[in-house]
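Given the structure is predicted, the values throughout are model-derived calculations rather than measurements.
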2 protein chains.
Amino acid sequence: MIRTKSLSLHDQILADIKGNILNGSWAPGLRIPFEMELADSYGVSRATMNKVLTQLTQAGFLERRRKLGTVVCRPRIQSAVLEITDIEKQITGLGLAYSYALLTRRLVKDELSLSCLHFADTIPFCAEERVIQLKTVPEAALVDFAQTPPGTWLLAHMPWSTARHVISALNASSALAKKLNIKLGAACLAIERTTELNGQTLTHAHIIYPGDKYQMVAQFSPHLEG
Amino acid sequence: MIRTKSLSLHDQILADIKGNILNGSWAPGLRIPFEMELADSYGVSRATMNKVLTQLTQAGFLERRRKLGTVVCRPRIQSAVLEITDIEKQITGLGLAYSYALLTRRLVKDELSLSCLHFADTIPFCAEERVIQLKTVPEAALVDFAQTPPGTWLLAHMPWSTARHVISALNASSALAKKLNIKLGAACLAIERTTELNGQTLTHAHIIYPGDKYQMVAQFSPHLEG
DNA sequence: AAGTGGTCTAGACCACTAC
DNA sequence: TAGTGGTCTAGACCACTTA
């Protein structure tokens, strides 16, 4: 094992074992040495070794069973980490100038409905339809969202929440085509995001990107750097 | 704190603290008690408390700095876990019958190019264009892939690897429309998957779903169950 | 200089499960 | 019943950062 300086013991060992799995030295199905044996061979305590093996197990590389031992898992191209960035950051990250326009704002019952556009260098980047539940976010009724995009405002004013994203493809309707300045029927990428807090819906966003201007990238990298 | 039986101490404490953050009791920016104080208040050792706080930090809920203390992070709707399942499992998971057809198979230089279709109840579910690098997977040259889909075969015969997914929307070309039995220009969801092993490209897959038949779901659930 | 988190150890007991 | 992983503790030393 190559010992890199200024890296903790367990991180070095983790990188080493992960390397064995990723380069094929430790094939899926292989029963690897017992925790105590590994601890001895690396010259560390069982606690440190356990920390490493626990992390690798949580990351999906290993499967452990008492008495049976530790086995290398079959790869499952199954869960990938999808980066869903704030729209403003998406655009400025591309080196473009960001701007924003509120199209409509309607307040019906306990729902605030917003329709807005996000621009990259004055070109429409995506269209957003947003519904905010005022029962859960009453303060939103007092904001006009003329300057601040609802996503940005909500991110700053909400506590932690969970979100569910549905990604789909659709053909641009005439209204959408006008908004985004694209051809009627052009393929678009749609992201529907439902944000919840304590099981209650906070907000619902429908964000539509022209298919030729945007694509999402998901990296399968089992929750571990390296 | 509610103590659920048959759950480890650190898991109980983790659920408790995560609850405080998710329900807003501990707002973003709040400096929470020091590790020792929390350990005392929960009646556990510092090591156990550290395990909990380390996990929450890795999950993006907390930020810790020596001397300064531990602070609740701002939420970042940023990384979501995207489930990218095997196509056969996708279809059978919907309660439909899976079948598969190989359309073309060409061997040029060190690349094996395949074109195939996946069916759900005899209806085209998605089209797959696949290129396998024979330099990295020489065994693939001997397989005819008439019965076994390349994705399934590769998953079973490859060691661990990393993958990068690019998700986009496109209008169906005439050739694609015929294959999938959809209208010309219909919006489709396209997934481009590049699989690497030790930095070398293993295989490249281009999978296209009719936009009205399939959508992807990504759940933002910061690497922790609950 | 002091205080906090980061890491590591040695030892212990328990729970699960193959035998 | 024996062996392995799961968990927890008490104590220690170090590293980083603020004061």
Side-chain angles (χ1 to χ4, degrees), chain A residues 1-18 20-21 26 29-73 223-226, chain B residues 1-18 20-21 26 29-73 223-226:
Chain A
M1 185 178 68
I2 303 153
R3 298 232 168 193
T4 314
K5 277 178 189 174
S6 73
L7 202 56
S8 59
L9 265 176
H10 61 259
D11 276 338
Q12 292 172 37
I13 298 171
L14 188 137
D16 190 53
I17 293 185
K18 200 175 127 188
N20 287 338
I21 296 172
W26 286 5
L30 177 74
R31 234 206 43 193
I32 73 173
F34 298 122
E35 189 169 296
M36 272 304 277
E37 297 175 13
L38 285 169
D40 286 345
S41 74
Y42 280 112
V44 297
S45 72
R46 197 190 142 209
T48 301
M49 204 60 228
N50 182 277
K51 186 170 186 171
V52 172
L53 296 175
T54 300
Q55 279 194 54
L56 287 166
T57 303
Q58 288 175 352
F61 284 111
L62 299 175
E63 188 178 346
R64 316 192 73 192
R65 285 211 207 139
R66 301 180 211 220
K67 178 71 180 181
L68 207 160
T70 303
V71 176
V72 179
C73 281
H223 311 174
L224 291 169
E225 336 68 54
Chain B
M1 185 179 69
I2 302 154
R3 297 231 166 193
T4 314
K5 277 179 188 174
S6 75
L7 202 56
S8 58
L9 265 176
H10 61 260
D11 276 338
Q12 291 171 37
I13 298 172
L14 187 136
D16 191 52
I17 294 186
K18 201 175 126 186
N20 286 340
I21 297 172
W26 285 8
L30 177 74
R31 234 205 44 192
I32 73 173
F34 298 123
E35 190 169 295
M36 273 303 277
E37 298 175 12
L38 284 170
D40 286 345
S41 72
Y42 280 111
V44 297
S45 72
R46 199 190 142 210
T48 301
M49 202 61 228
N50 182 277
K51 187 171 186 169
V52 172
L53 295 175
T54 300
Q55 278 194 55
L56 286 167
T57 302
Q58 288 175 351
F61 284 111
L62 299 175
E63 188 178 346
R64 316 191 74 195
R65 286 212 206 140
R66 302 181 211 220
K67 178 73 179 179
L68 209 158
T70 304
V71 176
V72 179
C73 282
H223 312 174
L224 294 169
E225 334 68 52

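- Within the 3.5 Å criterion, the main-chain N or O of B:Leu7 finds a donor-acceptor partner in the side chain of B:Gln12.
- Of the possible donor and acceptor atoms, one in the side chain of A:Thr54 sits under 3.5 Å from a partner among the backbone N and O of A:Asn50.
- Take A:Ser41 and apply the side chain to side chain contact (heavy atoms under 4.5 Å, CB included) test, not counting sequence neighbours, and it matches A:Leu38.
- The shortest non-hydrogen separation linking B:Cys73 to B:Gly60 is CB-O, 3.5 Å.
- Looking at every heavy atom in both residues, B:Ala39 comes nearest to B:Met49 through N-CG, 3.6 Å.
- Positionally, the nearest nucleotide of DNA chain C for B:Leu53 lies more toward the 5' end than for the other of A:Met49 and B:Leu53.
- With rounding to whole Å, A:Leu9 atom CG is found 15 Å from D:dA15 atom C1'.
- Taking atom CZ of A:Phe34 as the reference point, atom P of D:dA2 lies 17 Å away to the nearest angstrom.
- B:Arg65 comes within contact range of the sugar-phosphate backbone alone, with a heavy-atom separation under 4.0 Å but no base atom that close.
- A:Arg64 and A:Thr57 share no side-chain donor-acceptor pair at under 3.5 Å.
- The heavy-atom pair separating B:Val52 from B:Leu14 by the smallest distance is CG1-CA, 3.7 Å.
- When heavy atoms are screened at a 4.0 angstrom cut-off, B:Thr70 is found touching the sugar-phosphate backbone but no base atom.
- A:Leu68 and A:Phe34 get closest at one heavy-atom pair: O-CE2, 4.2 Å.
- Between chain B and DNA chain C, the heavy-atom contact criterion of under 4.0 Å yields a 5' to 3' nucleotide range of C:dA2 to C:dT7.
- Summarising the geometry, the separation between CZ on B:Arg66 and P on D:dT18 is reported as 12 Å, rounded to the nearest angstrom.
- Rounded to whole Å, the distance from NZ on B:Lys67 to P on D:dA19 is 7 Å.
- Each end of the helix from C:dA1-D:dT18 to C:dA18-D:dT1 yields a helix axis from five base pairs, and these two axes differ in direction by 10° (to the nearest 10 degrees).
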